[in-house]
Amino acid sequence: MVRTVLPEQLEPLGELVTNLRWSWHQPTQELFEAVDHELWERVGHDPVRLLGEISPDRLAELAADQAFLGRVRAAHDDLRHYLSEPRWYQDADHEAPAAVAYFSPEFGITHVLPQYSGGLGILAGDHLKAASDLGVPMIGVGLLYRHGYFVQSLSREGWQQERYPVVDPDNLPLTRLRHHDGEPVRVEVGMPEGRTLGAAVWVAQVGRVPLLLLDSSIEENGPIERDVTDRLYGGTGEHRLRQELLLGIGGVRAVRVYCDITGTPPPDVFHTNEGHAGFLGLERIRELIDDHGLGYEAALECARAGTVFTTHTPVPAGIDRFPVELMRQYFGPDATGPGLPVEQVLALGSEDYEGGDPDVFNMAVMGLRLAQRSNGVSRLHGDVSRSMFAGLWPSFDEHELPIGSITNGVHAPTWVAPEVLHLEEKAISGGGWKSATTTVSDGDIWAVKHTLRERLVTEARRRLRVSWRTRGASDAELGWIDDVLDPGVLTIGFARRVPSYKRLTLMLRDPGRLKALLLDPERPVQIVIAGKAHPADDGGKQLIQQMVRFADDPEVRRRIVFLPDYGIGMAQALYPGCDVWLNNPLRPYEACGTSGMKAALNGALNLSVRDGWWDEWYDGSNGWAIPSAEGVTDTDHRDDLEAAALYDLIENEVAPRFYDVDAEGIPRRWVELLRHTLTSLGPKVQATRMLREYVDDLYTPAAAAGRRLNADYAGAVSLAGWKERVRAAWPDVTVQHVESATADAVERGQTLRLRAFVALGALTPDDVDVQVVHGRVDESDALRDPEVAAMRAAEELDGGTYRFEGEVHLDRPGAFGYTVRIVPRHALLADGAEMGLAALAG
Ligand SMILES: *Cc1c(COP(=O)(O)O)cnc(C)c1O
């Protein structure tokens, strides 16, 4: 690999290219463009290739161009400033973590680093970018896939074709991690039969945040090991297990080396983005045992305290589960891997609850057991996750389970079109979006939307032409493409991966009705569609083919297009150009969804089933909710009902409002919705909002808990010992008898006094909470939305029994019920349900 050597005056360009902040910094992109307009287009806006292919003459010319050099210096100063100035986090409280390591199987940061397949990766990329913007000290950890995810094209018949271009790290904005003596860093993970999986470590600099990417394609590896990081989500279960071992265990080792070499403070919080990286917990337990002499239980407590786990899928098939037999091969005595007794490892991922499968190892279950704090990614997904994993805490009500939620967000500077950002700045300086009398007029907004629609139309035609050429058409046959889409027509976007729950083809339920909407002489709509099916998912590929065949029909092809190879590059043009963003998942399978947020920030209105984030933030006037026929179990019938509702909404609400224009050609009532969307959703859907919540609600408490356990490890040893004692004593912990001093019918406003007689066996009142659980009672005699009140120890009776007292204030009319329960209590538990232990009255 020969790299272009930059003349000294242009050296700052090198850092501007390698720091991926350029990917969300418009002025730096404009600087790259100024290097050579034509080449910038030809290399697909890839600055590494730009510098690689620029002619020596042009370089010499630029090196002598004072105006250009001034711009380079200014951009470089700006970057330096961005990298060093105090940001939000630098004001954070002193308990906040020294550093957070964020592990994810994929990262979507820019189109020139295609290391993502969809929403999970894009979210991880936005997480790092927001951390950088806020000054959160974070280290990202992932894998470098030599073939990334596939490039999608179509066959003549509309069948998805996959291509896996080779990624050459030397042509990517990456730096190889090296020791001070120049030796490249190599981390190793033990494999069965004494083999070793080695990996190089590459660093992508995402603003202030380093992202470490492990790459197994090194000469020292055997052929199997070399291919471990070949592609994202490909291959057998065993292949995937090897990837996850490298990510989790190798990832922690890479972080240790990185911190050593760079003098970065070691992370005190580890965040597992989805179960795939969960083995990181095992490596940290091993470190604590080997390096600090802790026992397994104490090491587990230490590792858990500083770990955060985020679950991302309500679809059971989305969770990694490995055969126990396979796990035994990789964690058994023949494998040098994580060095923990295999039975202990297996117990962590065991589905040892009702309905569980004894033969599988479940990565999400391990994730929950290895993290003291965990969350879903929207409020609704929090509910769904608690019910999905309820088996882990059988003695508790679902709403009490220790899985919270933080709703995802998106990184605005990456996703918002510059024109909209400019409007936004103007609006903010002029008093906000709310009123049409502020500095930004309805006409301004509408003109920008028209420009963005035009740009999308141009881009869609370009992509469609490329696609048809790939499908074997000649230019002579493609004249019609010049008339595809119309910048004056209501534009609906639909783009996402194609798992069945997202229902790509719901709009085809009644092709006649869809056709009528597209071809309506007065109020036509046009639809831009994109999405990749997983390479092993023939069902998904069939859906794409149905869609493509419909869009190929000469009657409608000017109004509906399928654009192959959905990715960051296409998404950035697509969201701004849309008026409406359509999302029709099978509720509640969309954990959050983020494309609608990106669309909203660009002034598109959401038309969506109330799933994921839309369930939480749809307010009746920031878009439309497609009714979900959730009770209907016949899925065909359900699809019919929901599709009919979708057609009705477009026909009766969306299109009439869009085309209701005044004498100046402005749809005032539409622009009103748009203003409301930008005002109400704008602040909420941002990744910086999300990241602040992670810092305040999860990272900081985790760091604090970790510190309490890790300072001299005495806390961990004592907590582990206490838990062991509590578990041993628990069979003898019982509520023997409860008395109330009050009659059956009581009056509102009265106080109910309760006495509970409890046996605590070997425990003392300090080890437990005795609680009254009370609330309204439903028809089946179950408590509805119960509340919990603590009782006090009043008297010690004989032989480890105690009398507790408490009261409940009766402030609601109607049938009322209560029960008494005992749960373990310790200052270092994050949640009363954490141990899954509760003793209930009678
Ligand atoms: C935002 C985004 C996604 C995620 O879309 P969902 O709404 O979560 O389905 C997927 N792919 C790309 C390229 C994106 O930009």
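Both counts, for ligands and for their atoms, begin at 1 and track the order of listing.
Looking at R503 and E642, a side-chain N of the basic residue comes within less than 4.0 Å of a carboxylate O on the acidic one, giving a salt bridge.
In this structure, OG1 on T110 lies 11.5 Å from NE2 on H45, to the nearest 0.5 angstrom.
By the criterion of a heavy-atom distance under 4.0 Å, both the backbone and the side chain of S595 are placed next to ligand 1. Neither the backbone nor the side chain of W613 has any atom closer than 4.0 Å to an atom of ligand 1 (non-hydrogen atoms only). With a 4.0 Å cut-off on non-hydrogen atoms, I122 touches ligand 1 through its side chain and not its backbone.
Closest to atom 11 (N) of ligand 1 among all protein heavy atoms lies Y566 CE2, 3.3 Å. If you check which protein heavy atom lies closest to atom 10 (C) of ligand 1, you get G119 N, 3.6 Å.
Taking every heavy atom of G593 and a limit of under 4.0 angstrom, the matching atoms of ligand 1 come to 7 (O), 8 (O). In the vicinity of A571, heavy-atom distances shorter than 4.0 Å reach the ligand 1 atoms 15 (O). Per-residue contacts place R496 under 4.0 angstrom from the following atoms of ligand 1 (heavy atoms of the residue considered): 9 (O). Distances below 4.0 Å separate heavy atoms of Y575 from the following atoms of ligand 1: 1 (C), 2 (C), 14 (C), 15 (O). Distances below 4.0 Å separate heavy atoms of T594 from the following atoms of ligand 1: 1 (C), 4 (C), 6 (P), 7 (O), 8 (O). In summary, the atoms of ligand 1 found under 4.0 Å from a heavy atom of G567, numbered by their order in the structure, are 13 (C).
A cation-pi arrangement is absent between K532 and Y149 under the rule of less than 6.0 angstrom and at most 45 degrees off the ring axis.
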Test salt bridge (Lys or Arg N to Asp or Glu O under 4.0 Å) on D552 and R471; report intermediate values, then the result. CA-CA 12 Å; D552 281 353; R471 294 176 71 185; 2.7 Å; yes
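Between Y233 and H276, the ring planes lie tilted relative to each other; the angle falls in the 30° to 60° range. Using the six-membered ring where Trp is involved, W617 and W613 have ring planes that are perpendicular, over 60° apart on the 30 and 60° scheme. Between W22 and W40, the ring-plane angle classifies as perpendicular under the 30° and 60° cut-offs. Below 30°, between 30° and 60°, or above 60°: for H127 and H271 the angle between ring planes is above 60°, a perpendicular geometry.
Nearest heavy atom pair, residue S467 against residue L154, reads OG-CD1, 4.1 Å.
Atom 3 (C) of ligand 1 has its nearest heavy-atom neighbour, among K502, K598, R497, H111, in K598.
Not a single N or O atom of Y116, backbone or side chain, sits closer than 3.5 Å to an N or O atom of ligand 1.
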